[in-house]
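Just so it is clear: chains get the letters A, B, ... in the order the sequence lines come, proteins before strands, and each one is counted from 1.
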Amino acid sequence: MSEVTIEWYIALCVVLFTIGSMGVLLRRNAIIIFMSVEMMLNSANLAFVAFARNLGDLNGQVLVFFVITVAAAEVAVGLALIVAIFRTKKSINIDDLNLLKG
Amino acid sequence: MGNPIVFCILAIIAIGSAVGMLTSRNAVYSALFLVLNFVTIGVFYIVLNAPFIAMVQITVYAGAIMVLFLFVIMLLGAEQLRGVENEQRFHLGLSIVLGGLLIVAFFAVLVTGGGDTSAAAMIDSSPQALGLALFQGYTFPFIVTGILLLSAMIGVVIFGFSRKRGADV
């Protein structure tokens with residue numbers, strides 16, 4: 001236990017991913033659910049960078065670049081969706097968004 | 001891959017801010033806790049010899065995506081969630097403790113020199129090397145990502161139109 005190995009980083013990624021998934025399952029506000037998804041993506045990014053450092057390979061960091069870009073595009077579209085839904089339903093509680101009718 | 005004490009402090013901050021984001025009744029507090037989490041992950045990237053990715057993370061995630069979240073939360077008035085309000089002192093104490101710990105850990109990273117410099121796993125993570133890897137090995141995904149961003153922008157603009165001439169507004 002005198003030095004930080006890759007297992008420590010994997011454990012931290014697992015914990016963060018679990019907290020994010022609990023946020024998706026337990027919270028009812030659509031924006032908080034979205035933020036929990038972002039935390040799950042972030043934990044995967046941390047695993048990528050940790051393995052890139054461990055194996056001496058730069059491809060992990062390149063993939064983190066792509067994941068950050070795709071997450072940004074997804075957040076933009078998802079928040080536009082939420083705003084559009086709020087215009088008609090006047091609520092972002094996912095218990096109220098249970099019909100396909102907009 | 002770093003000092004164990006620094007790792008433990010940063011891990012406590014990351015997990016604490018994640019739990020704070022999860023349990024906040026106010027959406028603005030959740031967003032701010034998530035900003036703290038992203039900055040902590042950025043400091044982790046510095047420890048892991050990825051300084052450029054750390055700056056990209058802080059700039060894009062904490063600086064753009066979370067600002068967008070806060071805009072939408074303010075726009076929709078989502079901070080008035082049903083729930084108890086007497087948690088604000090707990091949130092204040094938790095945020096002060098975690099923020100102070102983050103500052104201490106960041107200076108510890110600076111003083112101890114960041115990640116270890118063993119020659120076995122020393123990768124050149126400068127922007128030049130990352131750019132070469134990106135443009136030489138990943139040219140097609142890079143172009144596809146550009147098209148993806150364009151389509152996301154078009155989608156957002158289309159969603160932004162208020163359909164005044166539709167049957168149901």
Side-chain angles (χ1 to χ4, degrees), chain A residues 1-6 8-9 11-12 15-16 19-20 22-23 26-27 29-32 34-36 38-39 42-43 45-46 49-50 52-66 68-77 79-84 86-88 92-93 102, chain B residues 1-4 7 11 14-15 18-19 21-22 24 27 30-31 34 37-38 41 44-45 48-50 52-53 56-57 60-61 64-65 68-69 71-73 75-76 78 81 115 120-125 129-130 133-134 137-138 141-142 145 148-149 151-153 155-156 159-160 162 168-169:
Chain A
M1 293 283 274
S2 64
E3 74 166 21
V4 180
T5 58
I6 190 69
W8 292 40
Y9 282 100
L12 177 64
V15 170
L16 287 179
I19 294 175
M22 273 173 25
L26 297 176
R27 297 298 298 256
N29 191 359
I31 294 184
I32 307 269
F34 222 160
M35 291 201 285
S36 307
E38 289 305 310
M39 188 183 307
N42 236 17
S43 74
N45 278 350
L46 182 62
V49 175
R53 170 75 176 90
N54 198 30
L55 303 173
D57 194 0
L58 202 59
N59 288 319
Q61 298 188 13
V62 176
L63 284 175
V64 167
F65 206 74
F66 281 120
I68 290 178
T69 310
V70 170
E74 163 216 343
V75 163
V77 174
L79 287 179
L81 260 175
I82 288 178
V83 168
F86 183 78
R87 262 197 219 130
T88 56
I92 50 174
N93 193 0
Chain B
M1 293 195 292
N3 200 1
F7 178 87
I15 294 175
V19 170
M21 184 217 82
L22 191 64
S24 288
S30 291
L34 196 59
N37 191 37
F38 287 162
I41 303 287
F44 264 123
Y45 290 167
L48 288 169
N49 274 114
F52 179 66
I53 297 289
V56 166
Q57 157 100 1
V60 172
Y61 255 122
I65 292 181
L68 191 59
F69 265 113
F71 273 160
V72 172
I73 289 172
L75 178 71
L76 303 184
L81 299 173
M122 196 62 183
I123 48 176
D124 180 21
S125 57
L130 204 60
L134 188 65
Y138 291 87
F142 182 74
T145 305
L148 176 79
L149 285 173
S151 66
M153 205 158 36
V156 166
F159 273 126
S162 58
D168 47 346
V169 169

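In this structure, B:Ile65 CD1 and A:Asn42 CG are separated by 9.0 Å, a value rounded to the nearest 0.5 Å. Rounded to the nearest 0.5 Å, atoms CG (B:Leu22) and CE (A:Met35) are 10.0 Å apart. Taken from CG in B:Leu48 to CG in A:Leu46, the straight-line distance is 6.5 Å, to the nearest 0.5 Å. For the atom pair CD1 of A:Ile32 and CE of B:Met21, the computed distance is 6.5 Å after rounding to the nearest 0.5 Å. Distance CD1/B:Ile73 to CG/A:Asn29: 7.5 Å, rounded to 0.5 Å. Considering CG of A:Asn45 and CZ of B:Phe44, their distance stands at 14.0 Å, rounded to 0.5 Å.
Contacts with chain A were tallied for B:Leu75, B:Val56, B:Asn37, B:Ile15; B:Ile15 has the most, counting heavy-atom pairs under 4.5 Å. Interface check for chain A: of the options B:Phe38, B:Phe69, B:Phe52, the most heavy-atom pairs under 4.5 Å are formed by B:Phe69. Among B:Ala14, B:Gly155, B:Ala50, the residue with the largest count of heavy-atom pairs under 4.5 Å with chain A is B:Ala50. Contact tally against chain B (heavy-atom pairs below 4.5 Å) for A:Leu81, A:Ile68, A:Val70: the top residue is A:Ile68. Heavy-atom pairs under 4.5 Å with chain B were tallied for A:Thr69, A:Val64, A:Val49, A:Asp57; the largest tally goes to A:Val49.
With a threshold of 4.5 angstrom between heavy atoms, A:Ser43 does not approach chain B through any atom at all. Interface residue A:Ile31: backbone and side-chain heavy atoms are both found under 4.5 Å from chain B. With a 4.5 Å cut-off on non-hydrogen atoms, A:Glu38 touches chain B through its backbone and its side chain both. Both the backbone and the side chain of A:Asn59 come within contact range of chain B, judged by heavy atoms closer than 4.5 Å. Heavy atoms of B:Val60 lying under 4.5 Å from chain A belong exclusively to its side chain. When heavy atoms are compared at a cutoff of 4.5 Å, A:Val15 approaches chain B solely by way of its side chain, counted from C-beta outward. With a 4.5 angstrom heavy-atom cutoff, B:Ala129 touches chain A via backbone and side-chain atoms both.
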Could you give me the CA-CA distance, side-chain angles and deciding distance for B:Leu76 and A:Val83, then say whether side chain to side chain contact (heavy atoms under 4.5 Å, CB included) is met? CA-CA 7 Å; B:Leu76 303 184; A:Val83 168; 4.3 Å; yes
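B:Tyr138 and A:Phe66 have tilted rings, their planes meeting at an angle from 30° to 60° on a 0 to 90° scale.
Scanning all heavy atoms of the two residues, the minimum distance from A:Ala76 to B:Leu68 falls at CA-CD2, 4.1 Å. Considering every non-hydrogen atom in both A:Met39 and B:Ala18, the closest pair reads SD-CB, 3.5 Å.
Not a single donor-acceptor pair under 3.5 Å links the side chain of A:Arg53 to the backbone N or O of B:Asn49.
Residues B:Val156 and A:Val77 form a side-chain contact, since some pair of their non-hydrogen atoms from C-beta on lies under 4.5 Å apart.
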